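Inspection log for the structure reproduced underneath, given as structure tokens.
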Amino acid sequence: MSLENSYPRVTVAEAGRHNGETVEIAGWLYNLRRGGKICFPQLRDGTGIIQCVAVKSALPEDLFESLKNLTQESSLMIRGKIREESRAPGGYELDVEGADILQRVPEETPYPITPKDHGIDFLMDHRHLWLRSRRQNAAIRVRHEVIKGIRDYFDSHGFVLVDTPIFTPAACEGTSTLFEVDYFEDEKVYLTQSGQLYNEATSAAFGKTYCFGPTFRAEKSKTRRHLTEFWMVEPEMSYANLEDVKRVGEELVTFVVGRVSEHRREELKVLERDVTKLESIQAPFHRMSYDEAVVKLQAKGSEIVWGGDFGNTDETLLTEGLDRPVMVDRYPTAVKAFYFQPADDRPEVALGVDFIAPEGYGEIIGGGQRIHSLELLKQRLQEHNLPEEAFNWYLDLRRYGSVPHAGFGMGVERFVAWMCGLEHIRETIAFPRMLYRTRP
RNA sequence: UCCUCGGUAGCUCAAUGGUAGAGCAUUCGGCUGUUAACCGAAGGGUUGUAGGUUCGAGUCCUACCCGAGGAGCCA
């Protein structure tokens, strides 16, 4: 069957701009309501859904019958005139003049996802088809906008994209959460859990860099905020300190939120996201030290003591009643990774910062200033029982023109979940990988 | 890994220890403006698996499998 004909092909999203014109729309049958002599096929093409009208008296007998007997998600191209119509969902309707049915879904094997309710297990098993539904489509489009916004921000602020390896020979921060890859002959290799250490090398080569790719954590986490495989953007800046991280992180977040609320209004509407919640995310974000956070949490009844890390409930308590993220800085050195620069006046706290999103979405950014002293870094490696030999290249960065430098990581899926107001981050990626789910 | 909850028709769910049911989906019939269309009819079941208690188990007990929510850990 030829896909070429004399009708101009338009998408559903463009249909409103072709009011009164005869066009062709190619898509899949979303739903069908029928009467004896009239039927309403709703066509989905990935950009939207448009209702079509087929009237028996105006069409060849076989065409009307084949349209009337269409099954859900059958693929077809429909030709006809676009007309403004208040009764139609979407405001426009297409009067059918002709159609080519490419594949009719057989009734023996009907499309499994009906317009009625389904459970999450069933939907996740059919993720490859679930992506066709309106809400999933909207969430993935928001993800696209978030990624584009992130890249546009860094590209226009002097950062160079330098991607870091997925196969890495050593842990970045610890050894307990790594996936081992049994392939390379000479040494054990793991899937990356951060591009951090390599970013420190590339930022000394290019000034300011970022990497953007998948990361892997072999944690037995089973919550709505965790994926085994997730995407992270990690910028790194030479001649920069903790304050630069806070400033750039704040700019990045407000820029991307602005992009999403400006360009993805339709998708946010489908997701029933309260857009005013996004519009109130403006600089300056709230700022507090770890010390202050602990006092605040204790006042709210948390059992946290100075020196411990925050749990999920602590993070939610910290942003309770806030309309924008809170930046918590200067964590105890002991709970942070070995490479964090200690504060000059208080070596027991590290120059790190976490951005905690409101509405219970938790930590979306974590980062800080890195150690630039060769001696101190060597000492830290010893304290953490890390083999100096393996980090020799990393130590070189402190031997050859060492400067204060800083950076952070931002998790894409948590950010998207926050933008979309989703309960679970599994809907922010096309094919989520989780503890008990690796298919499809 | 631990705690809690769940698994019955293709899907979503009912069913005092006593004859396994409804809605949707599918098929057939009706309807020229439907909005998760509606009306009428039909087909559709090894109640997650294996044991046990009982005259009798979807229901009670034990083990296992699968999933969901949470904890810890993290982005």
Side-chain angles (χ1 to χ4, degrees), chain A residues 30-42 49 51-59 64 68-69 71-73 83 85-91 93 95 105-126 129-130 133-134 172-174 176-177 193-196 214-234 249 308-316 335-337 354-357 361-367 408-418 423-426 428-429 434-437:
Chain A
Y30 179 74
N31 199 2
L32 176 68
R33 279 180 278 272
R34 67 191 119 191
K37 292 167 185 161
I38 188 170
C39 70
F40 301 90
Q42 291 184 330
I49 296 166
Q51 176 165 289
C52 307
V53 192
V55 176
K56 187 173 186 178
S57 57
L59 294 171
F64 181 78
K68 194 179 142 186
N69 291 312
T71 44
Q72 198 187 353
E73 286 300 316
R83 176 171 45 76
E85 171 58 70
S86 59
R87 287 173 292 185
E93 204 166 63
D95 289 320
V105 175
E107 45 270 323
E108 303 85 51
T109 53
Y111 187 70
I113 303 178
T114 67
K116 292 279 180 180
D117 292 336
H118 299 282
I120 190 64
D121 187 34
F122 178 82
L123 290 170
M124 289 303 298
D125 283 344
H126 296 83
L129 303 175
W130 190 22
S133 72
R134 296 184 72 198
C172 286
E173 310 186 5
S176 61
T177 65
Q193 60 173 1
S194 168
Q196 151 82 44
T215 47
F216 309 87
R217 303 278 167 95
E219 293 153 358
K220 300 291 184 190
S221 300
K222 192 171 150 35
T223 81
R224 65 183 68 183
R225 303 188 220 197
H226 288 87
L227 295 173
T228 303
E229 174 184 315
F230 66 98
W231 285 66
M232 187 159 67
V233 60
E234 296 176 276
D309 221 336
F310 302 138
N312 276 347
T313 45
D314 291 326
E315 288 184 351
T316 305
V335 301
K336 285 292 175 186
D354 285 349
F355 286 45
I356 302 170
Y361 284 96
E363 184 186 338
I364 48 165
I365 282 181
F408 62 89
M410 185 168 87
V412 169
E413 286 78 13
R414 282 192 187 172
F415 198 98
V416 174
W418 176 34
E423 282 288 307
H424 200 301
I425 66 171
R426 64 189 158 210
T428 64
I429 187 166
M434 294 175 294
L435 195 50
Y436 296 117
R437 195 167 287 280

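Quick note on labels: first sequence line is chain A, next is B, and so on, each numbered from 1. Model, not experiment: these values are computed from the prediction.
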In whole angstroms, the gap separating C1' of B:rC74 from CZ of A:F408 amounts to 18 Å
Please table the atom pairs, donor to acceptor, closer than 3.5 Å between any side-chain atom in residues 111-123 of chain A and protein atoms at least two apart or in another chain.
from, atom 1, to, atom 2, distance (Å)
A:Y111, OH, A:L129, O, 3.0
A:T114, OG1, A:K116, N, 3.3
A:T114, OG1, A:H118, NE2, 3.2
A:H118, NE2, A:T114, N, 3.0
A:H118, NE2, A:T114, O, 3.1
A:H118, NE2, A:K116, O, 3.4
A:D121, OD1, A:R437, NH2, 2.7

Mind checking if A:I113 touches a base, just sugar-phosphate, or nothing, with heavy atoms under 4.0 Å?
nothing
So what does A:G119 touch, heavy atoms closer than 4.0 Å: a base, only the sugar-phosphate, or nothing?
sugar-phosphate
Under a 3.5 Å distance rule, please check whether A:R414 uses its side chain to pair with a backbone N or O of A:R225 as donor and acceptor.
yes
Please give the distance between the P atoms of B:rG56 and B:rG52 as a whole number of Å.
12 Å
In whole Å, what is the span from the CD1 atom of A:I120 to the P atom of B:rG7?
17 Å
Candidates B:rG69, B:rG33, B:rC74 - which lies nearest the side chain of A:R224
B:rG69
Distance check needed: B:rU8 C1' versus A:F122 CZ, whole Å only.
16 Å
Shortest non-hydrogen pair, A:G366 vs A:D354, comes out as CA-OD1, 3.5 Å
Gap in Å between the two P atoms, one belonging to B:rC3 and one to B:rG18, rounded:
32 Å
Check the distance between B:rG67's C1' and A:M434's CE and give it to me in whole angstrom.
11 Å
Base, sugar-phosphate alone, or nothing: which one does A:S57 contact when heavy atoms must sit under 4.0 Å apart?
base
Report which part of the nucleic acid A:K56 touches: base, sugar-phosphate, or nothing (heavy-atom distance under 4.0 Å, all strands).
nothing
B:rG10 P sits how many Å from A:L123 CG, rounded?
17 Å
A:H424 or A:N312: which one's nearest nucleotide on RNA chain B is closer to the 5' end?
A:H424
Rounded to the nearest 0.5 Å, the OG1 atom of A:T223 sits from the NE2 atom of A:H424 at a distance of 6.5 Å
With the side chain of A:K220 defined as its heavy atoms from C-beta on, choose the nearest nucleotide among B:rA75, B:rU1, B:rA36.
B:rU1
Output a table of nitrogen or oxygen pairs between the protein and nucleotides 21-27 of chain B separated by less than 3.5 Å.
from, atom 1, to, atom 2, distance (Å)
B:rU27, OP1, A:E107, OE1, 2.9

I want to check something: taking the side chain as every heavy atom from C-beta on, are A:K220 and A:L435 in contact at a cut-off of under 4.5 Å?
yes
I'd like to know if A:R225 reaches the base of B:rC73 with its side chain such that a donor and an acceptor end up less than 3.5 angstrom apart.
no
When the C1' atoms of B:rC55 and B:rA42 are compared, how many Å lie between them, rounded to an integer?
37 Å
Is A:P112 touching bases, backbone alone, or none of the nucleic acid, heavy atoms closer than 4.0 Å?
nothing
Is any side-chain heavy atom of A:M410 less than 4.5 Å from a side-chain heavy atom of A:F355?
no
Should we say atom CZ of A:R83 is surrounded by more than 12 heavy atoms from elsewhere, each under 6.0 Å from it?
yes
Contact under 4.0 Å: A:R426 side-chain N or O vs B:rG69 OP1/OP2
yes
Using heavy atoms to find the nearest nucleotide of RNA chain B for A:I365 and A:Y436 separately, return the residue whose nucleotide is more 5′.
A:Y436
Of all the choices, B:rA36, B:rG33, B:rC73, which nucleotide is nearest to the side chain of A:H226 once you look at every atom?
B:rC73
Strand partner of B:rC38, provided both Watson-Crick or wobble distances fall under 3.5 Å
B:rG30
Can you confirm whether A:E85 sits close enough to A:Q51 that some side-chain heavy atom of one is under 4.5 Å from a side-chain heavy atom of the other?
no
Using only side-chain N and O atoms of A:H118, determine if any of them is under 4.0 Å from OP1 or OP2 of B:rG10.
no
Is there a donor on the side chain of A:E93 or the base of B:rG33 sitting less than 3.5 Å from an acceptor on the other?
yes
In the structure I gave you, are the side-chain heavy atoms of A:I429 and A:F230 within less than 4.5 Å of one another anywhere?
no
Could you work out the separation of B:rA15 and B:rG21 based on their P atoms and round it to a whole Å?
15 Å
Whole angstrom value for the distance that separates P of B:rC74 from CZ of A:F230
12 Å
Considering every strand shown, what is the Watson-Crick or G-U wobble mate of B:rG58 when both distances are under 3.5 Å?
none
Only pairs with both distances under 3.5 Å count, Watson-Crick or wobble alike; so what is the partner of B:rA71 in this structure?
B:rU1
My understanding is that a pair needs two contacts under 3.5 Å, Watson-Crick or G-U wobble. By that rule, which nucleotide pairs with B:rC64?
B:rG48
Pick the C1' atom in B:rA22 and in B:rG51, then give their distance to the nearest Å.
33 Å
Compare the minimum distances between each of B:rU34, B:rU32, B:rA71 and the side chain of A:Q51, then state the nucleotide with the smallest one.
B:rU34
Return the value, rounded to whole Å, for the distance between atom CZ of A:R414 and atom C1' of B:rC73.
10 Å
Return the pairing partner of B:rG21 with a 3.5 Å limit on both distances, Watson-Crick or G-U wobble; otherwise return none.
B:rC13
Contact summary for A:E363 and A:E315, nearest pair of heavy atoms:
N-OE1, 3.4 Å
Quick check: do A:C39 and A:F64 have side-chain heavy atoms less than 4.5 Å from each other?
yes
Between B:rG29 and B:rC11, how far apart are the P atoms? Round to whole Å, please.
27 Å
With sugar-phosphate meaning primed atoms plus P, OP1 and OP2, does A:D121 contact a base, only sugar-phosphate, or nothing at under 4.0 Å between heavy atoms?
sugar-phosphate
Say we look at B:rG70 and B:rG33: how far apart would their C1' atoms be, to the nearest angstrom?
49 Å
Pairwise P distance for B:rU59 and B:rU16, with rounding to whole Å:
12 Å
Which nucleotide sits closest to the side chain of A:V55: B:rG33, B:rG72, B:rU32?
B:rU32
Could you tell me how far apart A:E219 (CD) and B:rC74 (C1') are, to the nearest whole angstrom?
5 Å
